[in-house]
Trainee: 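Can you read through this structure? Questions will come right after.
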Amino acid sequence: MKEKSTYSVNLPQTAFPMKANSAVRELEIQKVWDDTGVYEASLKRREAAPKYVLHDGPPYLSSSKIHIGTALNKVLKDIVTKYKGLKGFYSPYVPGYDSHGLPIENAVLKDVKGGRAALTPVELRQRCRAFALSNLKGQEANFRRLGVWGHWQSPYITLDQHFEAKQVRVFGKMAGKGYLYKGLKSVSWCPNCETALAEAEVEYADHTSNSIYVKFAVDAASKSKLPASVQDKDVAFVIWTTTPWTLPANLGVALHPDFVYEFLQVEDEPHVLVVAESLKNAFLNAAGKAEKAVKVLATALGKELELLECRHPFMDRLSRVINGDHVTAEAGTGCVHTAPGHGPEDFEIGKVYQLGVLSPVDSRGIFTEEAGIFAGQRFDKANPLVVEHLKEKGVLLQHSTFSHSYPHCWRCKKPLIFRATEQWFASVEGFRKRALECIDAVEWLPASGRNRIFNMVENRSDWCISRQRAWGVPIPVFYCKGCHKPLMSEESIEAVAKVFDAEGSDSWWEREPGYFLKDIGCGHCGGKEFDRETDIMDVWFDSGVTHAAVLDERPELRGTPCELYLEGSDQHRGWFQSSLLTSVAVSDRAPYKTVLTHGFVVDESGRKMSKSVGNVVEPDEVIKQYGADVLRLWVASVNYTDDIPIGKNMLAQLADVYRRLRNTARFLLGNLHDFDPARDMVKKESLSSLDRFVLHRLNEVVAEVTRDFDRFEFFKYYQLLQNFCGVDLSAFYFDIVKDRLYTCHPKDESRRAVQTVLTHTLHTLVRLLAPVTPHLAEDIWQHMSEPLRAYFGGQTSVLLTDYPQVNPDFEDKEAGAYWSELIDVRLTVNKALEQARAARSIGSSLEATVVMSFGDKEKADKVRKIEGDLASVFITSGAHISSNGTGKEGLSEPLSTVSEEGLTVAAYRAQGEKCARCWKYTGDVGKDSQYADLCGFCADVVSRL
RNA sequence: GCUCUCGUAGCUCAAUCGGUAGAGCGCUCGCCUGAUAAGCGAGAGGCUGGAGGAUCAUAUCCUUCCGGGGGCACCA
């Protein structure tokens, strides 16, 4: 008679480690992907499939390190492309980089003694290029470490000469359609960056301005046009402004044509003051004259005062009184200081009245000789000087400061000015209607994005595309030396494009115009001598043409429109719009079919991340601590439509979830080490109801998860997957089925049945994981036994498989319904066991036997159908259904009793002896003469081993 | 200033047409020691941002306020 302390059981065996060791393992996996060209292979196998192209919005190369928002964006893109690839689409990803523009130029100039003047444009451009390309290397390394797949060997870069050539051709097409023009306009100007800015580059921020009220005395020659009662007095219009420095450029005083203006005799005030009736009180209060005696000498409508002339308060010229509907009664005096050179509205109204344009500041914001005594002063430094001068002239009624929101440069954050200069514009007006139609043909996710961009495009003014800088693509226009007309014909632009294609855009500065133009002459006078345009294009124009320079140029991307643009929601103003505008102008359609946006990353309490607050989460630190997959899991776990929180607590929790997923896989792998599906798979008919239930659930999960992926709702996938692994598998099925796996004879059908279910589960799970946590999925894939992998298709990488599909064979609604009821019963049983445990009556649940009695006979019959399996489901040594009350049925007093929902469960101490092998308490331990401490079941198994 | 949107347990997310607020994780306590730096069980956590209102009934509809985010306007 044998008696051993341990008998062999079928324990899980796997080399798949419990700990991820991401810092090492993820890199190993990435290396294998790179070395064996898995990305390329994944595309190759989908070559003939329908395409799903996500076109990359280029991150800006001002830094070598990406921040968490960029990481989120790239991971989202990668989840989409990996999913689409697995799902059967041809889904290449060509990453891009935005490499021109001010911030890079400024960053480079910071280290240059003497600034811009110290370098030639080409020298400066070479430094910018080197700077951008070195940052590219850093960003690329960051992206690759995240496990993002793409054409890393051949990304697109806006500074690439072929890109530049294509950009010039797009410019040419727009010019050919008459959508480009050069015009004098009052544009937003950054004196710090020394360039014009587009609307997209302007942001509003609080700013403390001056607030002054200034008298404009009516010129003697105009007095006859005043109301009779004041013709013999000294009359002055009172203007209000927040920018004293613009007064040297004043050329007019604007009144609203329909406002009533009053002529006020104010105590101690030599002039009769003219202000809008509706603003009189506000003005008198502000000017500290509320207590003074005030007499209204006359009234007049704005339109009755039109074309009067005033003396400029300190320059020797006249300032004309004009009418404009832009004058409001919200602030000021109803008399608006008008300087066409320093405000878009002033500019427009000035054009109507032919006031001319004065803009006596240079590109750095310093007054020119035209500004008279202020020449040489910077505009902001001139404010107090102007105020002082006004005081000396006796025309200043009031001076104070106040805080309001004011336009700032979104790059350097400094206040902007308006400056009238000649600029190149894209005439949005020319294709606005079509652009709006195209917006409505696009799917915007979330749907609110449609209104956001629609309103912007509907209301925006023409796009100022010229910049007075060196680091960018030149505006490919020449000016005839004879007639000074611009040359931008199809021919001349193609000539430029050809040279750029061959030499890059440095040639613009290195070569003479004749080198480009050869025999091309001026279209107006036939002249052959040209000057070149010195302005470059707005960087938004660069990235705005990627649809042409990348999607249409790279055969592997199969042209516009692509399926998806996916960027932060700020790109409605930026890239989505610039891409749309150029695409509509040139190709008459949007470059994308769907636009998906995400919000911004904030800390755990919802605050913006900032260095000063110290709440910045760095992607590389997350990766160092947890690995790329945990970071990716974070991306998948949040609803990115709104603000996206991240922080220590969240990451710790995500790491827990990651571990749960990992351990689920480990259990699957370990218990399949001796399973060859080709040989051992059990037919569906031979599976137990419980086994079929799990397959049914698996099917439901696949269906739901697929829906979530298709809607880009990854957080639902995350919830569901976590739930499935934790609840359905680990806490339920695995726990129950361990007994069968471990104690049966390895080849017994009931064990093989479980392994059959585990096989399907593993195969499905590993592929569901692949888009989000590719390293984990690959690690699992590589740890599968050869027979398993062979059965699954033999792919060398999980990323070369097909995404799981709903399997009609697995559908078993009956089992689904049946087991969801039984899970409720199990919950009640657990409570009874827990009470017995709390009373120290039992430890392990196998020490107990439970007896159930149902109030509802139908329910009892239902459960009775698997009475023989109930004990294994509850992991007890026995389980019975009583037909009469709690039914003691020969057992002693219950250890505990729990009643809920028409079910009473009584837990008893299990009868019999504990089997040394399966640990169950049975009445037949030792019955087999061979094994004194084994139950009959185990004795049989052991004898067959 | 106008406007849109969001605000559900510590965290991430659920709650079909309004019908007694759910899950997972975390936490606490306990069990197991044949998934073991694992696994299992139970429990405690929410006046659904606040206040009004319509309704038999509201997290869900209306008003208003507070807070987060966005858009437009603020141009003198």
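Only this structure's heavy atoms are used, side chains among them; waters, hydrogens and symmetry mates stay out. Order of the sequence lines sets the chain letters (A, B, ...), proteins ahead of strands, with each chain counted from 1.
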Trainee: Can a side chain N or O of A:Tyr742 be found less than 4.0 Å away from OP1 or OP2 on B:A35?
Mentor: yes

Trainee: From C-beta outward on A:Gln653, which listed nucleotide comes closest to its side chain: B:G24, B:G10, B:G34?
Mentor: B:G10

Trainee: If you only use heavy atoms from C-beta on, which nucleotide in B:A35, B:A42, B:G41 is closest to the side chain of A:Phe667?
Mentor: B:A35

Trainee: Just to verify, what does A:Lys738 make a salt bridge (Lys or Arg N to Asp or Glu O under 4.0 Å) with, not counting sequence neighbours?
Mentor: A:Asp735

Trainee: Can you tell me how far P of B:G26 sits from CZ of A:Arg660, to the nearest Å?
Mentor: 8 Å

Trainee: Taking the C1' atom of each, how far is B:G39 from B:U20, in whole Å?
Mentor: 36 Å

Trainee: What nucleotide among B:G34, B:G41, B:C32 has an atom nearest to a side-chain atom of A:Ser844?
Mentor: B:C32

Trainee: Describe, in one word, how the ring planes of A:His337 and A:Phe216 are oriented to each other, choosing from parallel (under 30°), tilted (30 to 60°) and perpendicular (over 60°).
Mentor: tilted

Trainee: Students often get this wrong, so: under 4.0 angstrom with heavy atoms, is A:Lys738 touching a base, only sugar-phosphate, or nothing?
Mentor: base

Trainee: Going by a 90° cut-off around 0, is B:G50 syn or anti?
Mentor: anti

Trainee: Using atom C1' in both nucleotides, what's the gap between B:A21 and B:C75 to the nearest angstrom?
Mentor: 50 Å

Trainee: Backbone N or O of A:Thr241 within a donor-acceptor pair of the A:Thr243 side chain at under 3.5 Å?
Mentor: no

Trainee: What is the base-pairing partner of B:G7, counting Watson-Crick and G-U wobble geometry with both distances under 3.5 Å?
Mentor: B:C66

Trainee: If you check every side-chain atom of A:Val727, which of B:G24, B:A35, B:U12 has the closest atom?
Mentor: B:G24

Trainee: Ignoring hydrogens and angles, does a donor from either the side chain of A:Gln719 or the base of B:U12 sit under 3.5 Å from an acceptor on the other?
Mentor: yes

Trainee: From the options B:G69, B:A76, B:G41, select the nucleotide whose nearest atom is closest to the side chain of A:Thr241.
Mentor: B:A76

Trainee: Please determine whether a side-chain nitrogen or oxygen atom of A:Thr242 lies at a distance below 4.0 Å from atom OP1 or OP2 of B:A76.
Mentor: yes

Trainee: So A:Ala731, base contact, sugar-phosphate only, or nothing? Heavy-atom distance under 4.0 Å.
Mentor: sugar-phosphate

Trainee: Can you find a donor-acceptor N/O pair under 3.5 angstrom joining the side chain of A:Ser730 to the base of B:A35?
Mentor: yes

Trainee: Given B:G24, B:A38, B:C32, which nucleotide is nearest the side-chain atoms of A:Asn723?
Mentor: B:G24

Trainee: List for me each residue that meets ring-ring contact (aromatic ring centres under 6.0 Å, His included) alongside A:Phe379, sequence neighbours excluded, and say none if there are none.
Mentor: A:Trp245

Trainee: Looking across every strand, which nucleic acid part, if any, lies under 4.0 Å from A:Gly670 by heavy atom: base, sugar-phosphate, or nothing?
Mentor: nothing

Trainee: Is the shortest distance from a Lys or Arg side-chain nitrogen in A:Asp779 or A:Arg662 to a carboxylate oxygen in the other one below 4.0 Å?
Mentor: yes

